[in-house]
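Beneath this line is the structure, given in structure tokens, with notes to follow.
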2 protein chains.
Amino acid sequence: MALLGCGVVGTEVVRLLNEQADDLAARVGAPLELAGIAVRRPDRVREGVDRELLTTDAQALVTRDDVDIVIEVIGGIEPARSLMLEAMKSGKSVITANKALLAEDGATLFAAAREYGADLYYEASVAGAIPLLRPLRESLVGDHVHRVLGIVNGTTNYILDQMDTHGAGFNDALEEAQSLGYAEADPTADVEGFDAAAKAAILAQLAFHTPVTAADVHREGITEVSAADIAGAKGMDCVVKLLAICERVPSADGHNGDGRNGRGVSVRVYPAMIPRSHPLASVREAYNAVFVEAKSAGSLMFYGAGAGGAPTASAVLGDLVAVARNVAGGTPGPVEVTYAELPVLPMGETVTRYYIQVDVTDEAGVLATVAEEFARHGVSIQAVRQVGLGEEAQLVVVTHRAPDAALAATVEGLRGLDIVREVASVMRVEGEE
Amino acid sequence: MALLGCGVVGTEVVRLLNEQADDLAARVGAPLELAGIAVRRPDRVREGVDRELLTTDAQALVTRDDVDIVIEVIGGIEPARSLMLEAMKSGKSVITANKALLAEDGATLFAAAREYGADLYYEASVAGAIPLLRPLRESLVGDHVHRVLGIVNGTTNYILDQMDTHGAGFNDALEEAQSLGYAEADPTADVEGFDAAAKAAILAQLAFHTPVTAADVHREGITEVSAADIAGAKGMDCVVKLLAICERVPSADGHNGDGRNGRGVSVRVYPAMIPRSHPLASVREAYNAVFVEAKSAGSLMFYGAGAGGAPTASAVLGDLVAVARNVAGGTPGPVEVTYAELPVLPMGETVTRYYIQVDVTDEAGVLATVAEEFARHGVSIQAVRQVGLGEEAQLVVVTHRAPDAALAATVEGLRGLDIVREVASVMRVEGEE
């Protein structure tokens, strides 16, 4: 067994391998021996890590005869990809926590696993220690998943939770998250939704047995979420969450998207309102949770810590025991089957609901003019009410489900109306049937 | 493939096998063919089930050459056990939803699976479609589980939820549950906790890698839960749930129960208070949820529909795809490893907290007398307050953690005090650290 990378997760993996050696050996049926650890800077101090095991030659390590399993926790695209491919080509099985690589080019890795009969396990890549991929990959493999709705980024959930609880603005909440270590100095990957989009791609691929990459995912971050948005959500008895949404889209003739049929899938990440009664609404602080709706299983939810060294290492070790058993048994576990080849639909065709706050001039006929603008784009209004008077006059509109393109055009149209002073808040509404 | 039993779950399995035949074949890599269905009454009408497949000779069916996988959904101990043993002896793999049998005599089945190299999968036996056993068995196999706290019986959760929401008494809530189909005409297995105890045994065995049977589980049902208990819980900002609790118990020298060490495990089922802020508190109606605490993974929760034909069939089909892949690959999946052999401790040694309401005479020194009774048994009081006056005078006591035997002795002692008119409510408090 070889470890590639020895940062926060790698160090924790080494620590647990040592500390739980007896238990792991009993569960596998044979001891797990770490043959080497590839690092860039062997001189750095790593507590509890035997320096004898360190090497800078990752290439040589992954092809060594005394290595049968390679654990990759370097992250990033290269050299992680080349090293994993080299390892599988040499008959090694691979465990990885690398969501970026899986979301960008998982197909190459899965193809190699099939070609060389190698295991490729990656539970740690999404939602840390929450067992999520294995249930999707195996437990629900006999079912028909309609929708996956997830809070898969702890940083943004922490920020939005602070905004909801304390009325903080985005920048203040971000600063607090940074000071507490929940957000990095450069928070782009989290707050702009890149991290969540990579995870959404991996989840969609598993849920719908169809290839999805990060580039296919419509992505909006939370930097534009305002205190007004949060207040508006409260008025609706909703809460704002950054959601990763993977949905089957039925075909126009009503075919519900079974198997190879249906129009396609929609995979998207954005901040949206969900009702406070939804199980995801009570996911606080930096926790993650994923809500899955399947035809026979109904609604399921998986909840837990989505990041951090120890939870991620727990997921890696779970995969390690499984792979080590497969290696001992001489047969790899199940490989990915993406037989469905469903198209990923553009965001404009995705059907959602909108919540819109419009600052308007307080005069007769305003409501009718605004309602007409919705009708002109074929968007049906579920409810509209006026709040405030005079210079504070505001219309709050909630729509029925409509294609996102029609909703976006409506918002553009509203902005062009004389009686509209400002479109103060636009937010999608999810989590309802 | 053969099916044993064709009741609610069996019929749903057949329906899904037909309806999703193409998808399942794509996921397995080969079509799944049902060779026969063993039933007791072949003349009964079963919608969507091909009568040509029915047979009353289960014994012959499980050893047929064209059968490689046997799905058991008969339930009960016999003939289910003999048929599964016979099937494994003949080289067939087995999928079962039979919690009663697994909890009573799982060891015999696991031994047979090991001896004959057969798969034995049973995700459907606990919490319906909630993927729970596979995560415990595989995802968390590299971690160290401290505690499993679960709502694993939908009937009792529905009843307690009605009592909490509408202030209904137990009998009224039970009647309503029966009229809505959530409870059976003979509700004993549910309301007396037998069903939950069987599931607790299965969960404890997986979580702690140690043999546990239903007979080892301390079991109390919900028939004694009164409106006063529910009201008391509300006053504590708690809710009453029937909990299945599996815990490692550290040894006296503070060893935290890693691996083969620690004093043992505690496995118990009873109604208890949990704080409303606990994720399990928001599990409403007939839903199930299981909260798992592990050393590295932290706190995890799994939530979903815990029973019903379709959810249970979903779990059976997930197992079926996994087993069919194993059969096609020529190697069985992981077998149970119960290497730990930790003793199951008697309830008296289990450490819990108590909530006690005592109706007392309203006179000076009552509080001191009651407090003395706790001290006499070595039970430390966390908080005590008097509510009501005169004939309504009542003391509400919440204890710190103490051995259950000491708490029980305290309650007995209280009953013998002159100043105590009645011990109105006694309930354990769980879900806190």
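Per chain, numbering begins at 1; letters A, B, ... match sequence-line order.
- Here Tyr303(B) is the residue among Tyr287(B), Phe291(B), Tyr303(B) with the most heavy-atom pairs under 4.5 Å with chain A.
- Here the closest non-hydrogen pair linking Ile130(A) and Leu300(B) is CA-CD2, 3.8 Å.
- Of the residues considered (Gly128(A), Ala129(A), Ala294(A), Ala297(A)), Ala297(A) shows the highest number of contacts with chain B, using heavy-atom pairs under 4.5 Å.
- Taking all atoms of both residues into account, the shortest heavy-atom contact from Gly142(A) to Leu317(B) is O-CD1, 3.6 Å.
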Go through Ser296(A) and Leu16(B) one step at a time and tell me if the side-chain contact (heavy atoms from CB on, under 4.5 Å) criterion holds.
CA-CA 9 Å; Ser296(A) 297; Leu16(B) 292 173; 3.3 Å; yes
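- Among the candidates Ala322(A), Pro311(A), Pro135(A), Gly304(A), the residue making the largest number of heavy-atom pairs closer than 4.5 Å to chain B is Pro311(A).
- For chain A, no part of Ala313(B) is nearby; none of its heavy atoms comes within less than 4.5 Å.
- For the pair Pro131(B) and Pro131(A), the minimum side-chain heavy-atom distance is 4.5 Å or more.
- Taking Glu72(B) as the reference, nothing meets the salt bridge (Lys or Arg N to Asp or Glu O under 4.0 Å) condition, with sequence neighbours excluded.
- Nearest heavy atoms, Arg325(A) versus Arg137(B): NH1-O, 4.1 Å.
- When the side-chain contact (heavy atoms from CB on, under 4.5 Å) test is applied to Ser125(B), the partners found at least two apart in sequence or on another chain are Lys99(B), Leu102(B), Tyr122(B), Leu133(B), Ile202(B).
- Neither the backbone nor the side chain of Leu320(B) comes within less than 4.5 Å of any heavy atom in chain A.
- Note on Ala315(B), Gly318(B), Gly309(B), Ala289(B): by heavy-atom pairs under 4.5 Å with chain A, the leading option is Gly318(B).
- Taking Val283(A), Asp143(A), Leu17(A) one by one and counting their heavy-atom pairs under 4.5 Å with chain B, the maximum is reached by Asp143(A).
- Considering only heavy-atom pairs separated by less than 4.5 Å from chain A, the leading option among Ser299(B), Gly298(B), Ala310(B), Gly29(B) is Ala310(B).
- Between His144(A) and Glu19(B), the closest side-chain pair of non-hydrogen atoms is not below 4.5 Å.
- Heavy atoms only, all atoms of each residue included: Arg134(B) and Ser139(A) are closest at NH1-OG, 3.0 Å.
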